[in-house]
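A short worksheet on the structure shown next.
For the numbers below, each heavy atom of this structure counts, side chains included, while hydrogens, waters and symmetry mates do not.
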Amino acid sequence: QVQLVESGGGLVQPGGSLRLSCTASEITLEYYGIGWFRQAPGKEREGVSCISANDGSTTYTNSVKGRFTISRDNAKNTVYLQMNSLEPEDTAVYYCATAYHYYCSGNYYESRYDYWGQGTQVTVSS
C-alpha cells in the first residue's frame, strides 16, 4: 500500500525557516512529479510548488517564489520543501502529493495527483 508521509512541520517565528520532507513507501518518487499543497484555516487548498519527474524542473506559486525551494533526493526517496523567510500567511497544513511521470506546468490540478500524505502543520507566529 502506497503511503506518503510528510514531516518537518512545527511552530516558527516570522522570518524563520523550516524544511519539510515527503517520503514514500511502495513507490519510487524519482518517477513521479511531486506537488506540495497547503490549506490554511477557512481557505481552500492551494498548490505551492512542484518538481517534475524526469528532468526535475520546478514551479512555485507567486507568493513563495524566492523563499521556498523544492528538491529531491532520489537515494533517500524523499522530496523536500525548504521554506525560508516564513510569514504568518504561510501558516497552513502542508501536503505532498504524487503524479506518475508528471511534468509540472505551473497549474496545480489536484485531480492529477494520485497519492496524498496526511499533512504536516506549519505555524508561523511570534
Side-chain angles (χ1 to χ4, degrees):
Q1 183 177 353
V2 176
Q3 282 191 321
L4 295 181
V5 178
E6 302 96 338
S7 62
L11 173 64
V12 64
Q13 292 185 342
S17 298
L18 285 173
R19 188 178 76 162
L20 305 184
S21 300
C22 173
T23 60
S25 61
E26 304 298 330
I27 60 172
T28 301
L29 292 181
E30 178 180 1
Y31 304 122
Y32 289 77
I34 309 298
W36 282 98
F37 294 77
R38 67 185 180 186
Q39 187 167 23
K43 294 186 177 181
E44 293 188 353
R45 189 157 57 187
E46 64 169 344
V48 174
S49 183
C50 182
I51 185 166
S52 299
N54 302 321
D55 70 356
S57 58
T58 59
T59 65
Y60 300 91
T61 193
N62 285 339
S63 63
V64 308
K65 284 181 180 177
R67 301 189 297 122
F68 290 12
T69 303
I70 190 171
S71 62
R72 65 166 86 229
D73 185 334
N74 293 333
K76 295 183 178 181
N77 205 34
T78 300
V79 172
Y80 302 100
L81 185 67
Q82 178 68 44
M83 307 186 297
N84 298 329
S85 302
L86 282 162
E87 303 168 354
E89 293 73 23
D90 297 316
T91 295
V93 178
Y94 284 71
Y95 302 87
C96 64
T98 65
Y100 188 60
H101 276 187
Y102 185 63
Y103 178 80
C104 303
S105 63
N107 297 308
Y108 298 90
Y109 298 121
E110 293 190 16
S111 61
R112 185 60 182 84
Y113 292 84
D114 307 307
Y115 302 110
W116 291 78
Q118 81 291 346
T120 186
Q121 176 70 48
V122 172
T123 303
V124 185
S125 175
S126 56

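- With contacts defined as side-chain heavy-atom distances shorter than 4.5 Å, the pair Thr91/Val122 does not qualify.
- Each of Leu20, Thr59, Ile51 was evaluated against Ile70; a single residue qualifies, Ile51, per the side chain to side chain contact (heavy atoms under 4.5 Å, CB included) test.
- Note that CZ of Arg67 is 12.0 Å distant from CD of Gln82, once rounded to the nearest 0.5 Å.
- Both cation-pi conditions hold for Arg45 and Trp116: the charged atom is under 6.0 angstrom from the six-membered ring centre and inside a 45 degree cone around its axis.
- Atom OH of Tyr102 sits about 6.0 Å away from atom SG of Cys104, to the nearest 0.5 Å.
- No side-chain heavy atom of Ser7 sits under 4.5 Å from any side-chain heavy atom of Thr120.
- Rounding to the nearest 0.5 Å places CZ of Phe68 at 9.5 Å from OG of Ser17.
- With a 4.5 Å cut-off on side-chain heavy atoms, Leu81 and Tyr94 count as touching.
- Atom CZ of Phe37 sits about 11.5 Å away from atom CD of Glu6, to the nearest 0.5 Å.
- Put simply, CH2 on Trp36 and SG on Cys96 are 4.5 Å apart, with the number rounded to the nearest 0.5 Å.
- The shortest side-chain heavy-atom distance between Leu4 and Tyr95 does not fall under the 4.5 Å cut-off.
- Glu26 and Gln1 get closest at one heavy-atom pair: CG-O, 3.1 Å.
- A chain of hydrophobic side-chain contacts below 4.5 Å, direct or via other Ile, Leu, Val, Met, Phe, Trp or Tyr residues, connects Leu29 to Val2.
- Here the closest heavy-atom approach between residue Asp90 and residue Ser85 is recorded as OD2-O, 4.4 Å.
- Because its NZ or CZ atom is both nearer than 6.0 Å to the ring centre of Tyr80 and within 45° of the ring axis, Arg19 counts as a cation-pi partner of that residue.
- In this structure the side chain of Glu87 never reaches within 4.5 angstrom of the side chain of Pro14, judged on heavy atoms.
- The only member of Val79, Asn77, Thr58 that meets side chain to side chain contact (heavy atoms under 4.5 Å, CB included) when paired with Arg72 is Val79.
- Both Leu18 and Val124 are part of a single hydrophobic cluster, where members link through side-chain heavy atoms under 4.5 Å apart.
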Tell me, with the steps shown, if Ile27 and Gln3 meet side chain to side chain contact (heavy atoms under 4.5 Å, CB included). CA-CA 9 Å; Ile27 60 172; Gln3 282 191 321; over 6 Å; no
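- With 3.5 Å as the limit, one finds a donor-acceptor pair spanning the side chains of Ser57 and Ser52.
- The distance from atom CD of Gln39 to atom CD of Gln121, rounded to the nearest 0.5 Å, is 10.5 Å.
- Listed here is the closest heavy atom pair of Tyr113 and Gly35: CE2-N, 3.6 Å.
- Of the N and O atoms on the side chains of Thr61 and Tyr108, not one donor lies less than 3.5 Å from an acceptor on the other residue.
- Asp73 and Thr78 are not linked by any side-chain donor-acceptor pair at a separation below 3.5 angstrom, with hydrogens and angles left out of the test.
- Each of Tyr32, Tyr31, Tyr115 was scored for a ring pair (Phe, Tyr, Trp, His ring centres under 6.0 Å) with Tyr100, with one residue passing: Tyr32.
- Side-chain atoms of Val12 and Thr123, non-hydrogen and from C-beta on, never get closer than 4.5 Å to each other.
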